[in-house]
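Below is one structure, written out as structure tokens; comments come after it.
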Amino acid sequence: MTNRRELERCLDSWDMLGDPYAVLMLDIDHFKNVNDTYGHQTGDQVLKLVAVVMSDCVPEGAVCSRFGGEEFVILLRKHRMDEAYQMAERIRNAILMSKTPYSLTLTVLIGVSLYPEHGKSREGVFLAADMALYQAKAEGRNRTIAAEISA
């Protein structure tokens, strides 16, 4: 699991090379309730669990990073949408099946986008993943949504 600075360094490198990549933006459903009900120590355990599961599910060379709060980002170099979507679903299901503190049912939503298909800039690709994440939230959570290519 990398930090935000390493994530940015990796993106700088890939952008310089013109490499295509997938962005998986992951958000833990109802994370505030975990902190409010069980305390921040349990919330920290949940964040660590999600980080471990993500890292275990991705191929070598993938970049996993906490993005802020209960959001994480995974970068997959040179992956097609079907591959990135399957990876996201594998992660989502692995988190759902994980042993958690207090036997919590832990669910996540994941938005998936591709560079350069969903944006000619890093910001555009991250915005597309974020919009897919919000669509997943609106559709009931615990799901993966692939960004749509706008006309």
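Since the structure is predicted, the reported quantities are computational estimates derived from the model, not experimental observations.
Between Tyr21 and Tyr115, the two ring planes are parallel [angle under 30°; tilted spans 30° to 60°].
Counting all heavy atoms, side chain and backbone alike, Asp27 lies closest to Glu70 at OD1-CG, 3.2 Å. Minimum interatomic distance between Thr144 and Ala88 (heavy atoms only, all atoms of both residues): CG2-CB, 3.7 Å. Here the closest heavy-atom approach between residue His118 and residue Ala147 is recorded as NE2-O, 3.1 Å. Scanning all heavy atoms of the two residues, the minimum distance from Ala132 to Val112 falls at CB-N, 4.2 Å. Closest heavy-atom contact between Ala22 and Leu114: CB-CD2, 3.5 Å.
Using a 4.5 Å cut-off between side-chain heavy atoms of Ile, Leu, Val, Met, Phe, Trp and Tyr, with links allowed through other members, Tyr85 and Leu76 fall into different hydrophobic clusters. Cluster membership for Leu133 and Ile28, using ILVMFWY side-chain heavy atoms within less than 4.5 angstrom, is not shared. Grouping the Ile, Leu, Val, Met, Phe, Trp and Tyr side chains by contacts below 4.5 angstrom, directly or via other members, places Met16 apart from Leu11. Note on Ile74 and Met25: separate hydrophobic clusters, where clusters join Ile, Leu, Val, Met, Phe, Trp and Tyr whose side-chain heavy atoms are under 4.5 Å apart, directly or indirectly. One hydrophobic cluster, built from ILVMFWY side chains closer than 4.5 Å, cannot hold both Val23 and Ile110; they sit in different ones.
The main-chain N or O of Val125 is never found under 3.5 Å from a side-chain atom of Arg122 such that the two would form a donor-acceptor pair. At distances below 3.5 Å, at least one donor-acceptor pair connects side-chain atoms of Arg4 with backbone N or O atoms of Phe67. Under a 3.5 Å cut-off, the side chain of Ser65 and the backbone N or O of Val73 do not form any donor-acceptor pair.
Residue Leu75 holds its CG atom at 5.0 Å from CH2 of Trp14, rounded to the nearest 0.5 Å. Distance check: Leu24 CG to Met87 CE gives 8.0 Å after rounding to the nearest 0.5 Å. How far CZ of Arg77 is from SG of Cys10: 7.5 Å, rounded to the nearest 0.5 Å. Annotation: the span from Ile95 atom CD1 to Arg90 atom CZ amounts to 12.5 Å, rounded to 0.5 Å. Distance check, rounded to the nearest 0.5 Å: CG of Asn93 to CE of Met97 gives 8.0 Å. Atom CZ of residue Arg9 and atom OG1 of residue Thr2 lie 9.0 Å apart, to the nearest 0.5 angstrom.
The side-chain heavy atoms of Thr100 and Leu49, taken from C-beta on, include a pair separated by under 4.5 Å. Residues Val63 and Leu7 form a side-chain contact, since some pair of their non-hydrogen atoms from C-beta on lies under 4.5 Å apart. Residues Phe72 and Met1 form a side-chain contact, since some pair of their non-hydrogen atoms from C-beta on lies under 4.5 Å apart. Within the 4.5 Å cutoff, the side chain of Leu104 has no heavy atoms near those of the Lys99 side chain. Under the 4.5 Å side-chain criterion, counting only non-hydrogen atoms from C-beta, Glu83 is in contact with Arg80. Side-chain contact between Val50 and Leu26 is present, with at least one heavy-atom pair separated by less than 4.5 Å. Contact of the Met54 side chain with the Val58 side chain is not registered, since no non-hydrogen atoms from C-beta on lie closer than 4.5 Å. Using a 4.5 Å heavy-atom cutoff, the side chains of His79 and Pro59 are in contact.
Arg143 pairs by the side-chain hydrogen bond (donor to acceptor under 3.5 Å, both in side chains) definition with nothing, not counting sequence neighbours. The salt bridge (Lys or Arg N to Asp or Glu O under 4.0 Å) test applied to Asp130 returns no partner, not counting sequence neighbours.
Evaluation of the side chain to side chain donor-acceptor pair (under 3.5 Å) test over residues 34-55, restricted to residues two or more places apart or in two chains, returns Lys32-Asp36.
Between Arg92 and Glu89 there is a salt bridge, with a side-chain nitrogen of the basic residue lying less than 4.0 Å from a carboxylate oxygen of the acidic one. Ion pair Lys137/Asp29 not flagged as a salt bridge, since none of the NZ, NE, NH1 or NH2 atoms sits closer than 4.0 Å to an Asp/Glu carboxylate oxygen.
Here the options are Thr105, Val108, Leu106, the test is side-chain contact (heavy atoms from CB on, under 4.5 Å), and the partner is Leu96; only Thr105 passes.
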Quiz item: Could you walk me through whether Leu47 and Phe31 pass the side chain to side chain contact (heavy atoms under 4.5 Å, CB included) check?
Solution: CA-CA 9 Å; Leu47 291 171; Phe31 183 70; 3.7 Å; yes
